[in-house]
Amino acid sequence: MRIMNKLPASSVRQSSERIFVAGHRGMVGAALVRALQARGGSQLILRSHPGLDLSNASDVQRFFASTAIDTVYLAAARVGGIHANSHYPAEFILQNLQIETNVIQQAWRHGIQKLLFLGSSCIYPRMAPQPMAEDSLLAGPLEPSNEPYAIAKIAGIKLCESMNRQYGTDYRSVMPTNLYGPGDNYHLHDSHVLPAMIRRFHEAVENNHHEVVIWGSGRPLREFLYVDDLANACLHLMQQTPEVVAALGTPQCAHLNVGSGEEISIAALAQLVAEVIGFEGRIVFDDSKPDGTPRKLLDSSKLRSLGWQPRVSLREGLQRTVRQFQLAQQHRSVALTVSAPPGSVNQAARHEASRLRL
Ligand code: NDP
């Protein structure tokens, strides 16, 4: 095994960069693959979860030892909404720590100079001043419901920073806001707020229900980013020189926020989802249920200063997402049995259908 202390800056080849996208069958990983394929010039290395369990240290070690890789995008993680986080806290902290530790450590051991770690906006304190800037990290207590997951993500950021400080690697971290888009998780209990809403309004239309109940007052404000905009932000960041990125932060506060900068109330979001899906019944807000933090907005000015900006509006992104969701629903029964050529609509629908986890 090759162990390098200081990595040569020239270790990344300029053409046909060999990029390992970890978690490429997830929503973010799939968007990264789309963006990298659209850009061209790289050779993608992809492994499914059943093919390579990134929480298994010896499997990850063998994989890196036998595969030539220039750059890693680490989008594999145990991810879920509030229900999943509160029911499986041990899985959330343990699996995420294992995945991050294994991938980041083996990337370094095998001389990989460039890596992008996907964190999350939940790393910030529950009462962080809004909009939340990068230096809010570790300035106060976390939201208790997803604290184990957030601690694992903070460990991932600190692992990247510490590798950079001690070994001279170029491991970067991004903290995306709430994401949505094709390939999202629509599981009844495991999903985030927006995919859960899409599924509930869709099922209300399907079953001719005239009312949809949304938990909470509808007043909290949230920020959403279309996943392809995030993927473009990641590629944009990875194209910048180490000097440019270093100038945005400090060695111990080097992560960057990625958000749309636009806030919407849960009530307005529910109206918009209903409209896009074609639900014409009543939307009821059950304010006996908790609201969570009143406002959650990222300050993404650092990344924007590099010239990145989101391109897909919430309405357009929702239309695309709902189309993909409905297509997957239609194909759900046949999708898992019919074979289709790579890249075809059927294949995309089959992949989507497999993620509905109904
Ligand atoms: P998904 O659940 O859609 O994708 C995660 C992927 O990781 C899946 O393909 C999953 O495979 C894979 N995976 C999980 N565990 C392992 C493992 N042990 N070995 C190999 N692969 C594994 O999540 P997202 O794409 O939404 O999230 C990706 C990243 O983006 C995460 O780090 C998350 O924190 C971050 N993020 C996501 C946000 C969102 O709103 N979705 C918001 C902010 C950040 P399988 O499904 O087969 O288990």
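Values below: every heavy atom of this structure, side chains too, minus hydrogens, waters and symmetry copies. One-based numbering, in listed order, for ligands and for the atoms of each. We're numbering straight along the sequence, starting at 1.
- Checked by atom type, the side-chain pair Glu17/Thr71 shows a donor-acceptor distance below 3.5 Å.
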Derivation and outcome, side chain to side chain contact (heavy atoms under 4.5 Å, CB included), residues Tyr73 and His24: CA-CA 9 Å; Tyr73 284 76; His24 75 285; over 6 Å; no
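- Under the 4.5 Å side-chain criterion, counting only non-hydrogen atoms from C-beta, Leu179 is not in contact with Tyr226.
- Heavy atoms from both the backbone and the side chain of Leu179 come within less than 4.0 Å of ligand 1.
- Ligand-side atoms of ligand 1 in range of Pro176: 43 (C), 44 (C), range being under 4.0 angstrom from any heavy atom.
- Residue Phe117 does not touch ligand 1, judged by heavy-atom distances below 4.0 Å.
- The structure places CD of Gln130 at 5.0 Å from CE of Met132, a figure rounded to the nearest 0.5 Å.
- Surrounding CD of Glu262 are at most 12 heavy atoms belonging to other residues, nucleotides or ligands under 6.0 Å away.
- Between Lys153 and ligand 1, a contact under 3.5 Å exists for at least one N or O pair.
- Checking side-chain atoms of His236 against main-chain N and O of Leu306 turns up a donor-acceptor pair under 3.5 Å.
- At a 4.0 Å heavy-atom cut-off, ligand 1 touches His192 through the side chain alone.
- The distance from the OG atom of Ser136 to the CE atom of Met175 is 13.0 Å, given to the nearest 0.5 Å.
- Across the listed options Leu230, Asn178, Thr177, Thr177 owns the non-hydrogen atom lying nearest to atom 42 (C) of ligand 1.
- Heavy-atom separations between Gly80 and ligand 1 are all 4.0 Å or longer.
- Checking only distances, Gly26 does come within under 3.5 Å of ligand 1, N or O to N or O.
- The nearest pair of heavy atoms linking Arg304 to Pro310 is NH2-CD, 3.1 Å.
- For ligand 1 and Leu52, the ligand atoms under 4.0 Å from any heavy atom of the residue are 19 (N), 20 (C).
- Taking every non-hydrogen atom of Val79 and a distance limit under 4.0 Å, the qualifying atoms of ligand 1 come out as 2 (O), 23 (O), 27 (O), 31 (C), 33 (C).
- Selection from Ala76, Ala31, Cys122 by nearest heavy atom to atom 12 (C) of ligand 1 gives Ala76.
- Proximity of Met175 to ligand 1, defined as any heavy-atom pair under 4.0 Å, is not found for any part of the residue.
- For ligand 1, one of its N or O atoms has an N or O atom of Tyr149 under 3.5 Å away.
- Each of Asp287, Asp291, Asp286 was checked for a salt bridge (Lys or Arg N to Asp or Glu O under 4.0 Å) with Lys289, and the lone residue meeting it is Asp286.
- Ring planes of Phe64 and Phe20: perpendicular class, angle over 60° (limits at 30 and 60°).
- Considering both main-chain and side-chain atoms, His24 never comes within under 3.5 Å of ligand 1 through any nitrogen or oxygen pair.
- Between Leu118 and ligand 1, at least one pair of N/O atoms sits closer than 3.5 Å.
- When the heavy-atom distances from atom 25 (O) of ligand 1 to Leu54, Leu194, Val227, Val28 are ranked, the shortest goes to Val28.
- Within the listing of ligand 1, atoms 15 (N), 16 (C), 17 (C), 18 (N) sit less than 4.0 angstrom from a heavy atom of Ile99.
- Between Trp108 and Tyr167, the ring-plane angle classifies as parallel under the 30° and 60° cut-offs.
- Close to ligand 1: Asp53, with a non-hydrogen atom less than 4.0 angstrom away.
- Within the set Glu100, Gln95, His49, the minimum heavy-atom distance to atom 16 (C) of ligand 1 is found for His49.
- Of all atoms in ligand 1, numbered sequentially from 1 with element shown, those under 4.0 Å from a heavy atom of Ala75 are 5 (C), 28 (C), 29 (C).
- Rounding to the nearest 0.5 Å places CD of Glu143 at 14.0 Å from OH of Tyr149.
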